[in-house]
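One structure is given here, and the rest of the page talks about it.
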Amino acid sequence: MSRPAKGIPEPRRRHLGLAAAAGSDTARGTRHGDGRDAFALAWADAVVGTSYVSMSRTEVEEHLRGLTDRLAEALFTEPFTADAARQVGAAMVGAHFTGTETLNRTIALVADELPLRLGLDRSTPWRLSALQGALAAGYAEALRQRTLDEQEAISQAVFVARDQAEQALRVSEARFRAVFAEAAIGMGIADMDGNILDANASLLDMFGYSLEELTRRNVRDFMHAEDAASVWRLYDELVSGQRDHFRVEKRFERSDGEVIWTHLTASLIRDDEGRPTYQVAMIEDVTDRHLLQDRLRYQALHDPLTGLPNRALFLERLAEAFDSAAEEDRIGLCYLDLDGFKVINDSLGHDVGDQLLVAVGQRLDACVSAPGRLVARIGGDEFIILMERSSSTRDVVAIADHVLAALEAPIRVREHELSISASIGLVERSIVGTTPADVMRDADITLYWAKADGKAKWALFDPERNAREVARFTLSTTMPAAIERGEFYLDYQPLVRLCDGQVVGAEALVRWHHPEFGLLAPDRFIGLAEETGQIVPLGRWVLRQACHQARLWQDRFGSRAPFISVNLAVRQSRDPGLVADVAKILADTGVEATRLQLELTESAIMGTADEPLDALRALSAMGVRIAIDDFGTGYSNLAYLRHLPVHELKIAGSFVEGLRASASDGSHVVDARIVGTLVSLAHALGLGVTAEGVETADQARRLDDIGCDSGQGWYYARPGPPERIDHILSDVR
Amino acid sequence: MERPSWAPADIDLDRPSAARVYDYYLGGSHNFAVDREMAEQAIALWPNLPLIMQANRAFLRRAVRYCVDQGIRQFLDIGSGIPTVGNVHEVAQEADPRCRVLYVDFDPVAVAHSRAILAGNERADIVHADLRKPEDIVGSPQFGRLIEPQRPMAVLMVAVLHFIDDADDPVRLVARYRDLLAPGSYLVLSHATQDGQPDKVEDHQKLYARTRTPMHMRSRAEVGALFTGFELVDPGIVYLPQWRPESSDDVDEHPERYTGYAAVGRKP
Ligand SMILES: C[S@@+](CC[C@H](N)C(=O)[O-])C[C@H]1O[C@@H](n2cnc3c(N)ncnc32)[C@H](O)[C@@H]1O
């Protein structure tokens, strides 16, 4: 207890009179009261600040006043004993006047002031010394005791605190141990070399190993063949201290070989210096969740009704087949659609329809299933069969035949015996140069062809047919715009009078100068235009154009001007606006009706209903000539001809061909007779006859001999621009 | 990883402890050689220290009595240290034996000793907690037993907040306690300052860097900020001996040598 003298204030010196007044205490007002008060004040002044006591200044004074009394008593008691002074020393320590400077000043004050203040006789100085000694001894004794007690107390506190800390640590360790042991999650600890040191019950359970077995193994022994490469890269980063933890989904193999799926969290444990010391793995078995996911995935990829793979799975497998295919691999698709399913569904109800689909699915599955093949239901009554690595087109054809045969036997649904058939589109080709989207689209097109061909048939994809159809499709969609853009134009071929070789007419032939496909002959687009109905506007355009030309010729050549012959398609001939259109065009262009000839095919005229005939009659009445084109190719009822408003027959080129002199087999004789008969018949009916396809002078002569009126063909001129005809007519003049 | 609250700090007797050094300044023997050695060095540097500590304890005593006079009967003494003479429960219970006192300290030895001293006192107890975690204090069974939070109380943070780093945001911390207090409660606070004696501060702080609790002196304005949400009672923020001295004799001519501010605030 070395209390430094430094820093402790010097004792204050009070004026005693003032102090006595301030400290006056009537309650304790004894004979000696004033002196004692004064001493206590002086004492307080002397010791204030030398020790920490829990007293205010006034309280200190009061406290010391009490001690002063005891000192005074000791001093005056007979026989003298210094015991009370001992107690005063002890009492000071008790009040925590523990600073030794306090004792120092107290002893000094007792010597200097006490006798004076208490009026002590100078004759008994030994009493004062004894008093000082006893006070110091009592103080020292108490301070020693207090010091020892406090040291004891604080040591005891350290002991208790340590004990509590250790106990708490034990508790915490026990808790950790319990957490480790009881945790539902699997936990394992390994050193930095991967040697497994400890594992909890959950982990042992999960892996099916005993602790001994597990601790003989290394973390790397748990590598699974199908682990993502990243798992072990993360692990390497962990054990090299580059990362403190990672979390992955990982497969483990149990001791019994079963594979479990887990969520693995691995963490690094570092020591106080930050060096990696252990690795801890927390492993959660999520196999069930995984199975559930698998099931959900299964549901997402299968058709709930038939249990077959659905469109999504089919497309996935198709894409995989392409991804994994070798260069020489081929692939086949059979795309099938039930014939008349809708009728069954509508008439017998969805339930029956559904049952039927289930049964069909089963049959398909039964006759198709093999590795590398997949039957999927991809729409209402549409199924598709994927054949990976097919060897040739024969494979898909065989399957298609097999499927058609399998569906022949009626299917029983409840009380119904249902006969069902399917149409199948087949695509089979080398994988190189095609895509999943291509084969799907082609299978779809082919199925459409098969359907169009009639029930219970398969069709095989034909690239040329497809190209044609694509072109046709393209043409039909672009035709209306093409008319507007002026992509069509007319060529003219002269019609020549056989007897004198005069050009009497010209057939207008439409051409399409297509920006993509180039120059297109009528056979490429007229049929298409008939199908789509585009023929009506196109025909109207042709007629107007031709009439315009006729008008030019009429203006230029007057009576020598050739009439114009324009083809009328079947659909045009049935167009109710035909007569009005023709009349208007003639009026607009100012062409005489007699200078217009309309060519129709036999089929357009014969055996048709009355209305078109009425139209033809009306046209004929207007003065328009009607010709039958390609006569002889149909099975015309010749007798009927006379009831028709027809003026001209155009004999098909095939008959004319037989009239060539070079024909050595004598067929020309037959043809000549047929043509002769036709001509006489026509003449008998008052009709003119034009021979098509005249290619040689010989033919022309013979036809003339036979009595044919006109000829048309390469012998005279190929179809060409109207200027050619201008030339011919000009030359003649 | 943060140590869980139930895993105690180890008791390291190779390091001085602020609680025991303080006890030494006050003339106690609840200390060890390391503590004394550091205390002696500090005193050599700053001879006034024992007086300052006495002044701090005297302020504590006056403030507790003041609070009792204002009708407060429950005390939460945070950073209470090692019991010596004139502990809060002694001062308060002397004034009114019904006063209840809950001590808080995070020095395990101080807590163990307090517990020994308080054994048998039904109206006083101690919680081993860190004042930076008010929830640990308020959530303790001792708190539940001794303190009625819906009634006004006095929260004492005497000579403790200078052990709290700015990083722990003492203003916010005090505010968290404030929010728990019923209106009419008091905050009793003393705090070491560099104001007045700036030259000695640095060496002194270096000494405390040896302990678990380095010192952070704060200016008057910073101490004022701790009273946000309180109304300072007279005489406001003053040097330790100047706060409501019992007699003018108690205040010497150089109160700034007592390098600590003292103040009491009331939550309106
Ligand atoms: C200087 S003592 C003050 C004791 C008493 N309040 C007084 O003024 O007489 C400071 C005390 O605060 C404690 N202390 C320091 N930081 C603390 C914290 N974060 N939580 C609880 N106690 C703390 C120390 O252990 C020490 O006992």
Side-chain angles (χ1 to χ4, degrees), chain A residues 1-9 12 14 22 44-45 48-61 93-102 143-144 146-169 171-173 175-176 269, chain B residues 1 3-4 6-11 13 20 23-32 35-36 40 43-44 46-58 60-62 65 82-87 90-91 94 107-117 128 245-247 249-250 252:
Chain A
M1 287 270 78
S2 59
R3 163 64 72 218
K6 275 204 284 183
I8 293 177
R12 280 187 272 186
R14 281 176 195 260
D45 272 345
V48 74
T50 57
S51 286
Y52 159 62
V53 290
S54 177
M55 284 181 252
S56 68
R57 170 66 191 233
T58 321
E59 287 164 343
V60 170
E61 284 168 11
V93 171
H96 210 263
F97 281 107
T98 52
T100 43
E101 183 65 14
T102 313
L143 186 59
R144 181 167 172 274
R146 182 168 193 134
T147 303
L148 289 175
D149 287 350
E150 291 190 353
Q151 282 280 294
E152 169 69 16
I154 198 73
S155 299
Q156 188 66 26
V158 168
F159 178 78
V160 169
R162 274 209 170 128
D163 197 50
Q164 280 173 348
E166 267 160 30
Q167 197 177 325
L169 201 64
V171 168
S172 92
E173 268 168 15
R175 278 191 225 188
F176 267 127
I269 299 200
Chain B
M1 195 175 76
R3 178 187 293 280
W6 37 266
D10 33 327
I11 292 133
L13 292 186
R20 296 191 306 256
D23 176 75
Y24 181 76
Y25 293 146
L26 293 178
S29 301
H30 302 100
N31 42 62
F32 298 108
D35 308 313
R36 294 192 283 273
E40 284 302 339
I43 290 165
W46 202 329
N48 263 347
L49 280 178
L51 281 178
I52 296 170
M53 302 310 168
Q54 286 176 32
N56 181 58
R57 288 296 284 188
L60 173 66
R61 187 176 60 237
R62 295 195 300 277
R65 284 181 181 165
I82 290 173
T84 171
V85 288
N87 299 304
E90 290 164 346
V91 177
E94 186 189 78
D107 182 318
V109 177
V111 171
H113 183 50
S114 303
R115 204 167 275 144
I117 296 279
H128 187 189
E246 273 147 349
S247 81
D249 286 349
D250 291 341
D252 80 43

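Because the structure is a prediction, the values reported are computed rather than measured. Order of the sequence lines fixes the chain letters, A, B, ..., with proteins taken first and strands second; residue numbering starts at 1 for each chain.
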Between B:Thr84, B:Val111, B:Leu60, B:Ile117, the one whose heavy-atom pairs under 4.5 Å with chain A are most numerous: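 Sorted descending by pairs with chain A, the first entry is B:Thr84.
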With chain A as the partner, which of B:His113, B:Arg36, B:Arg20, B:His30 has the greatest number of non-hydrogen pairs under 4.5 Å?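 It is B:His30.
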Shortest non-hydrogen separation from [X] to [Y] and the atoms involved:
X	Y	result
A:Gln151	B:Ser29	NE2-O, 2.8 Å
B:Ala112	A:Ala157	CB-O, 3.3 Å
B:Leu26	A:His96	O-CE1, 2.9 Å
A:Gly49	B:Gln54	O-NE2, 3.4 Å

What part of B:Leu49 gets closer than 4.5 Å to chain A, counting heavy atoms only: side chain, backbone, both or neither?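 Neither part; nothing is under 4.5 Å.
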Given that the side chain runs from C-beta out, which part of B:Ser114 has a heavy atom under 4.5 Å from chain A: side chain, backbone, both or neither?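 Neither; nothing under 4.5 Å.
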Quick check: do [X] and [Y] have side-chain heavy atoms less than 4.5 Å from each other?
X	Y	answer
A:Tyr52	B:Met53	no
A:Ile154	B:Asn31	no
A:Ser54	B:Arg61	yes

Mind checking the CD-CD spacing from B:Glu246 to A:Glu59? Nearest 0.5 Å is all I need.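 If I round to the nearest 0.5 Å, the distance is 6.5 Å.
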Is a donor on one side and an acceptor on the other found under 3.5 Å between the side chain of A:Thr98 and the backbone of B:Gly27?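 Pair found, side chain donor or acceptor close to backbone of B:Gly27.
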